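Written out below as C-alpha cells is the structure these notes cover.
Since we're looking at a predicted model, the values are computed, not measured.
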Amino acid sequence: MKKISAIGAVCLLPLAGCVEPDSGPGYSPPEASGLVAVRPYPTDDDVCQVIGENALTVEYLDHTRTLVGCPAVETGAIADRIAEGGVRVDSAGEWVLISIPDS
C-alpha cells in the first residue's frame with residue numbers, strides 16, 4: 001500500500017477547490033423582488049411564475065392576459081414567453097414581467 005505524503009496531499013487540495021457545489025438557481029425568489037408568485041408557468045417544471053396582484057403589478061393585470069415573471073438570467077425562458085405572444089412590460093428586481101394573452 002502506498003502512502004500519500006503530506007506534500008502530495010497539499011498539492012491535491014487546490015484541485016478540489018475548482019469544483020463548485022450546486023448552489024441552486026442564480027436568482028432570488030420573486031417575493032424578494034416584491035412580487036407575489038402564484039404558480040409556475042406554463043408547467044410545474046418551469047422557472048417562470050404567474051404573478052399575482054399587488055402595488056407593483058396592479059397596472060399590468062387584465063382579465064384577458066396573464067402576468068408572468070421570469071428570472072432575468074433565464075433568457076431562454078423569457079424568449080419562449082415572448083415567442084408565445086407575450087410582451088415585456090417591466091422588471092422588478094431580478095425578475096422580468098411579461099404580459100401573455102389568454103388563449
Shared ILVMFWY cluster between I100 and V47, side chains joined below 4.5 angstrom?
no
Heavy-atom closest pair, residues G93 and S33:
CA-OG, 3.5 Å
Hydrophobic cluster membership, L97 vs I78, 4.5 Å side-chain cutoff
no
Quick one: side-chain contact (heavy atoms from CB on, under 4.5 Å) partners of T64, sequence neighbours excluded?
D62
Residue pairs involving residues 64-86 (criterion ring pair (Phe, Tyr, Trp, His ring centres under 6.0 Å); sequence neighbours excluded):
none
Taking only residues at least two apart or on different chains, which pairs with a member in residues 94-103 satisfy side-chain hydrogen bond (donor to acceptor under 3.5 Å, both in side chains)?
S28-E94, R65-S99, T66-D102
Where at least one partner belongs to residues 82-92, residue pairs that pass side-chain hydrogen bond (donor to acceptor under 3.5 Å, both in side chains), sequence neighbours excluded:
Y41-E84, Y60-D90, R81-E84, R88-S91
I98 with Y27, same ILVMFWY side-chain cluster at under 4.5 Å
no
Give every residue pair that meets the ring pair (Phe, Tyr, Trp, His ring centres under 6.0 Å) criterion with at least one member in residues 70-90, sequence neighbours excluded.
none
Taking only residues at least two apart or on different chains, which pairs with a member in residues 26-50 satisfy salt bridge (charged side-chain N to carboxylate O under 4.0 Å, His left out)?
none
side-chain contact (heavy atoms from CB on, under 4.5 Å) partners of T75, counting only residues at least two apart:
none
In short, disulfide bond (SG atoms under 2.5 Å apart) pairs touching residues 54-102 with sequence neighbours left out are C48-C70
If you look only at distance, which donor and acceptor atoms sit under 3.5 Å apart when one is on a side chain in residues 49-59 and the other is two or more places apart or in another chain?
residue: N54; atom: OD1; partner: L56; partner atom: N; Å: 2.9
residue: N54; atom: OD1; partner: T57; partner atom: N; Å: 3.3
residue: N54; atom: OD1; partner: T57; partner atom: OG1; Å: 3.4
residue: N54; atom: ND2; partner: G34; partner atom: O; Å: 2.6
residue: T57; atom: OG1; partner: G52; partner atom: O; Å: 2.9
residue: T57; atom: OG1; partner: N54; partner atom: N; Å: 3.0

What residues join V36 in its hydrophobic cluster, counting side-chain heavy atom gaps under 4.5 Å, either direct or through other members?
none
